[in-house]
Amino acid sequence: MPELPEVETISKGLDKKLKNKKITRIWTDWPKYFKLHKNEKDFSRQIIGKKILKVSRRGKNILFYLSEKHILLIHLKMTGHLLIGEWKQNRSEKLGEKWQGQKWVPTKDGGPLTDPFNRFIRLIFFLDNGKMLALSDVRRFAKVLCGVEEKILNLPDIKNLGPEPLDKRFTYKKFGELFKNKKGVIKSVLMDQGFISGIGNIYSDEILWLSKIHPSRRVEGLKEKELIAIYKYIKQNLKKAIRLRGTSFSDYRDSEGRRGKYSLFRRVYQREGEPCSRCGIEIKRIKIGARSAHFCPICQKE
DNA sequence: ACAATATCCTGCGAGC
DNA sequence: TGCTCGCAGGATATTG
């Protein structure tokens, strides 16, 4: 499940590669992606013929700024991947008719032909340079929207997002103010996109381990010292993960199909039963809400 | 007003 | 070996 560092890596990569490319047509076998649109036609009308001007990110949403003041928004949710491939002229009609998903032609500089995720391509944007942007998505949870800038940026998906944690304007003062009237369990609060955007299950676990705070603690009871630690490690850990191009745990890949390297530094996430790298005791896993939380029972006292 | 639970999906691993 | 079953999870809707 891509979170802020993964989505940042992906959108930066796509920005480099897709700038000034025009979308000539699309193919999908899952029109349910287009939650904002009546059907596939309604979606494709919005996007065909538009040029990609810039790719960026807000929270975990990827924003493609298009010509004619349009935006394409893609949220990868848990299993979404965006991969760039090439399509050959002589095969293009066949691909357009029915994409069987068995194989696709990767770019020379990376996309792995044998990568298992190539089996789950559900949506393809064909570009005017002979390449394609493919969405692979095992569980079909991804979200794909297109419309005029004003409309997309005013959707709850964007408008209800909390501050960007790595924004310079996100000072400790701002962070502290957020907590003043906040109630609830810290793990859930960190993952609340309306509170702070971009943090999900992996990084909330990591941040709390670094801060030595039990994931079930209520935010009402957190001391100043503890809030300072959380603030510090949000910034530090997300930055570090971006430097390492994201987490390779689970099925994350960047736009060239590469894994990130953050997983080498993962302390608790998906390490149940392994020794804590600080104190050696076994990492535990509990349920918070419907999510699993990983923590060290010694370093992170309740 | 808030919190817990169901929903969407499907590959995978556990268990028999 | 081959089957069934239940888990995983981000965001949103629905129920308690």
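All chains are named by letter (A, B, ...) in the order of the sequence lines, taking the proteins before the strands, and each is independently numbered beginning at 1.
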Between C:dG9 and A:Y269, is there an OP1 or OP2 to side-chain N/O distance shorter than 4.0 Å? yes

Could you check how far NZ of A:K287 sits from C1' of C:dG6, rounded to whole Å? 11 Å

Taken in chain and number order and not counting sequence neighbours, the residues that satisfy ring-ring contact (aromatic ring centres under 6.0 Å, His included) with A:F34 are A:F43

Can you give each donor-acceptor pair under 3.5 Å made by side-chain atoms of residues 61-75 of chain A, sequence neighbours left out, with the distance rounded to 0.1 Å?
from  : atom 1 : to    : atom 2 : distance (Å)
A:N61 : ND2    : A:R58 : O      : 3.2
A:S67 : OG     : A:K51 : N      : 2.8
A:H70 : ND1    : A:E68 : O      : 2.7
A:H70 : NE2    : A:Q46 : OE1    : 3.1
A:H75 : ND1    : A:K77 : N      : 2.9

Can you label the angle between the A:F170 ring and the A:F175 ring as parallel, tilted or perpendicular, going by 30° and 60°? perpendicular

Across the strands shown, which category fits A:K35 at heavy-atom distances under 4.0 angstrom: base, sugar-phosphate, nothing? nothing

Roughly, in whole Å, what's the span from CZ in A:R218 to C1' in B:dC2? 10 Å

Side chains of residues 289-300 of chain A: which donor-acceptor pairs under 3.5 Å do they make with residues two or more places apart or in other chains?
from   : atom 1 : to     : atom 2 : distance (Å)
A:H294 : ND1    : A:D205 : OD2    : 2.7
A:H294 : NE2    : A:Q270 : N      : 3.4
A:Q300 : OE1    : A:C296 : N      : 2.7
A:Q300 : NE2    : A:L208 : O      : 3.2
A:Q300 : NE2    : A:I213 : O      : 2.9

Using whole Å, report how far CG of A:N201 lies from P of C:dC7. 16 Å

Listed pairs, N/O of protein and of nucleotides 11-15 of chain C, under 3.5 Å:
from   : atom 1 : to     : atom 2 : distance (Å)
C:dA11 : OP1    : A:H75  : NE2    : 3.0
C:dA11 : OP2    : A:K60  : NZ     : 3.2
C:dA11 : OP2    : A:Q193 : NE2    : 3.3
C:dA11 : N6     : A:R291 : NH2    : 3.4

Distance check needed: C:dG10 P versus A:L145 CG, whole Å only. 19 Å

Nearest-angstrom distance from the residue atom CE of A:M78 to P of C:dC7: 15 Å

Measure the distance from CZ on A:F141 to C1' on C:dA8 and round it to the nearest whole Å. 10 Å

Please report the distance, rounded to the nearest Å, between CD1 in A:I121 and C1' in B:dT10. 17 Å

May I have the distance from A:I202 (atom CD1) to C:dG9 (atom P), rounded to whole angstrom? 9 Å

Using only side-chain N and O atoms of A:R140, determine if any of them is under 4.0 Å from OP1 or OP2 of B:dG11. no

With a 4.5 Å cut-off on side-chain heavy atoms, are A:L222 and A:R217 touching? yes

Under the side-chain contact (heavy atoms from CB on, under 4.5 Å) rule, collect the residues that match up with A:I228, sequence neighbours excluded. A:Y172, A:E224

Under 3.5 Å, side-chain donor or acceptor atoms of residues 176-185 of chain A against the rest of the protein: list the pairs with distances, not counting sequence neighbours.
from   : atom 1 : to     : atom 2 : distance (Å)
A:K182 : NZ     : A:D192 : OD2    : 3.3

Phosphate OP1/OP2 of C:dG9 contacted by A:S292 side-chain N/O (<4.0 Å): yes

